[in-house]
2 protein chains.
Amino acid sequence: MKSRPATIRDVARRAKVSVASVSRALNGHKNVRDDTRDRVLQAIDDLHYVPNAAARSLSSSQTRTLGVVLPDLHGEFFSELIRGMDKAASERGYLLLLSTMHADPQLAGQAIAVMRGRVDGLAVMAPQLSRDAIDRLMPEEMPGVQVICQPSKKRPSFIIDNREGAASATRHLLAIGRRRLAHIAGPEGNFDARERRQGFLSAIAAAGAPAPLVGAGDFGEDGGARIVRDWLARGERFDGVMAANDMTAIGALEALRAHGLRVPEDVALIGFDDIPLARHLGLSTVRVPVADIGAAAVERLVAMVTSQEAGATPEVQPLELVLRATTQGRPH
Amino acid sequence: MKSRPATIRDVARRAKVSVASVSRALNGHKNVRDDTRDRVLQAIDDLHYVPNAAARSLSSSQTRTLGVVLPDLHGEFFSELIRGMDKAASERGYLLLLSTMHADPQLAGQAIAVMRGRVDGLAVMAPQLSRDAIDRLMPEEMPGVQVICQPSKKRPSFIIDNREGAASATRHLLAIGRRRLAHIAGPEGNFDARERRQGFLSAIAAAGAPAPLVGAGDFGEDGGARIVRDWLARGERFDGVMAANDMTAIGALEALRAHGLRVPEDVALIGFDDIPLARHLGLSTVRVPVADIGAAAVERLVAMVTSQEAGATPEVQPLELVLRATTQGRPH
DNA sequence: AACCGATAAGTAACCGATTACATTTCGGTC
DNA sequence: GACCGAAATGTAATCGGTTACTTATCGGTT
């Protein structure tokens, strides 16, 4: 006995009013008499009526849904981001439509295209795409924001000061007396990774410290571990490591310990992001308020959707150095 | 010059065919001549046409979207689940619509209602709701699966054998010589938490071990820490702790160490879930293949959506004991 | 009681696709 | 070249809402 779900016409019939009145009652228009509204509400209740979202979107060209396009869903970084976004969205009556864009720009285009008509706005995180590539991919007519990426000229971007964050982490290593520093960078094409490396290098240069080691990781645990093992196998000497992100740092940490080195006594170590794991492992790092960034981005996106407001000034979230065990100790 | 996006009629006009032919060409029907299809494709390309998803959903009553309703998004448990679901969904051309349902059953109903008409099927995780409550909330006419919860009689459920998992963790503590065991349970209303406590108690009973300590946690780190501190303050004696989940175990671990106790020498500790953090902290635990469960649930949901197939046999994912540092050592 | 402007309610067009059904065109046969 | 069934194409109804526009009803005034 699975009956067709009730439509607005069924409700109108039962409440003995027109569909227009039902629609008005439902959407809180003011020109509806109280007793009419009550009859409608009663009928809605009786029939367990729920408006059909597709029909509503079609006629009002509004979906009350926001699209979120992410490079991948691995790890706590993304879950935090989504959490912040979901909070801001649901507080405003919006739902989140998720789509992952596996690095390929081709597929990135597809991921964005399938959202057309399903969402009122788009939040995109694409650190591996250039500014131009993103601009080309984003539909002109749809409100959009960018999150943690190369800031756009056309759309609001929610970014962090990667260079300054990396520089301050590096200065901290120098401040606790480390001179032979090393950096494990992120993936080649990644914007944030490049910026962080720049920040590291400029801090080194500014301090007049010796030329550092630099290895190319992949933002993953294994990458970090591999680089460190390589260095140790080659007999490189270093007493401080600044990793492009926390996962890389964690891989490095394990490789260092596996090699019998003490952290921080022999090698101090600092990461970037402050994922929850960092706190548990006592990893010093640069705190990126990921959930806040996600929330701010969605908040702004909703504002754009509801009031057409534009503007494209990048919003830079402040970073904070978080010092824990991996840099709290004196050199041997 | 932001022009209205092209519609199927624009395409039809440009390709000099009817809208029906455009639709047929687009949806890969066979009765379309090659040159017609080519003209249509050309026009689509020229106009950058993308079909309007809302219109398509309305007329075909299909959205190619699946709804995911979760209790919360905190922690790695959920990000893993979403990751598994997203993988299975995107492989099949489906998008995921996210909604969090804050414990309140009232709100749970709303979270489900807003998805009506926006999704072809629903995957719900609601461990804090009874079987009946979920059945009442889920719309009859919509395909649905349940994930990690009290199994339903009406819908496929993807569950784990909490009792056996908890029992085997408990047997392991007994096997390494611990006798005075303690259990930090999860939140009162949570199905999995109750089952795990049952498993713990029955393993104790079966082994004829002394009556254990049992405290009520909340699946969170702080809860675990609080219970342990209470026990220690009251002078309780125990040499093995089985926590309802990993986060609880991690809180317990920190409280134990803060009190100067060695793990596992003084107190052995085992958790449940095997979140990534557990590996990094050397926490023994029971591995729950969360991502696999999410993927399996979505896979099944897609099958239900596309072929009306029903069936409600719960699918039980196997668990696996993972032994790490917190239980690897001999008692003092 | 008649009349007024304001407010409430109704009618029907519209959003952009899909698809049943009607019509045209095609390729082959005699 | 006329005729046939099959294949291709076109026409128009339909999905379920929103809303511009029209019509009915209201309370208040003279």
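Every chain is numbered from 1, with letters handed out A, B, ... down the list of sequences.
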For [X], side chain to side chain contact (heavy atoms under 4.5 Å, CB included) partners two or more places apart:
{"X": "B/Asn52", "value": "B/Ala54, B/Ala55"}
{"X": "B/Ala111", "value": "B/Val69, B/Ser99, B/Met101"}
{"X": "A/Ala296", "value": "A/Phe158, A/Glu315, A/Gln317"}
{"X": "B/Arg194", "value": "B/Phe191, B/Arg197"}

Who are the salt bridge (charged side-chain N to carboxylate O under 4.0 Å, His left out) partners of [X], not counting sequence neighbours?
{"X": "A/Arg92", "answer": "A/Glu299"}
{"X": "A/Asp120", "answer": "none"}
{"X": "B/Asp135", "answer": "B/Arg155"}

In residues 20-34 of chain B, what donor-acceptor pairs under 3.5 Å come from side-chain atoms, sequence neighbours left out?
unit_1: B/Arg33; atom_1: NE; unit_2: B/Asp35; atom_2: OD1; d: 3.1

Residues of residues 39-65 of chain A with any non-hydrogen atom less than 4.0 angstrom from an atom of DNA chain C: list those, numerically ordered, please.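 The stretch gives A/Leu58, A/Ser59 as the residues lying under 4.0 Å from the strand, ordered by number.
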Nucleic acid contacts of residues 11-38 of chain B, taken as heavy-atom distances under 4.0 Å to DNA chain C: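 By residue number: B/Ala20, B/Ser23, B/Asn27, B/Arg33.
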B/Pro51 and B/Arg56: which non-hydrogen atoms are nearest, and at how many Å?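 That closest heavy-atom pairing would be CG-NH2, 3.7 Å.
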Are B/Asp46 and B/Gln42 close enough that a side-chain donor and a side-chain acceptor fall under 3.5 Å?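 A pair is found: one side chain offers a donor N or O, the other an acceptor, under 3.5 Å apart.
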Take the protein atom CD1 of B/Ile8 and the nucleotide atom P of D/dA12, then report the distance between them rounded to whole Å.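 It works out to 16 Å between those atoms.
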Would you check if the side chain of A/Arg118 reaches a backbone N or O of B/Thr63 as a donor-acceptor pair within less than 3.5 Å?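 Yes; judged by distance alone, with no hydrogens or angles, the pair exists.
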Could you check if a side-chain atom of A/Ser152 sits within less than 4.5 angstrom of a side-chain atom of A/Met138, using non-hydrogen atoms only?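 Heavy-atom side-chain distance check fails, nothing below 4.5 Å.
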Reading DNA chain C from 5' to 3', where do the contacts with chain A start and stop? Cut-off is 4.0 Å to heavy atoms.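 Nucleotide range with atoms under 4.0 Å of chain A: C/dA8 to C/dG16.
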Note the angle between the end axes of the helix from C/dA1-D/dT30 to C/dC30-D/dG1, five pairs defining each, rounded to 10 degrees.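 The two end axes of the helix from C/dA1-D/dT30 to C/dC30-D/dG1 meet at 50°.
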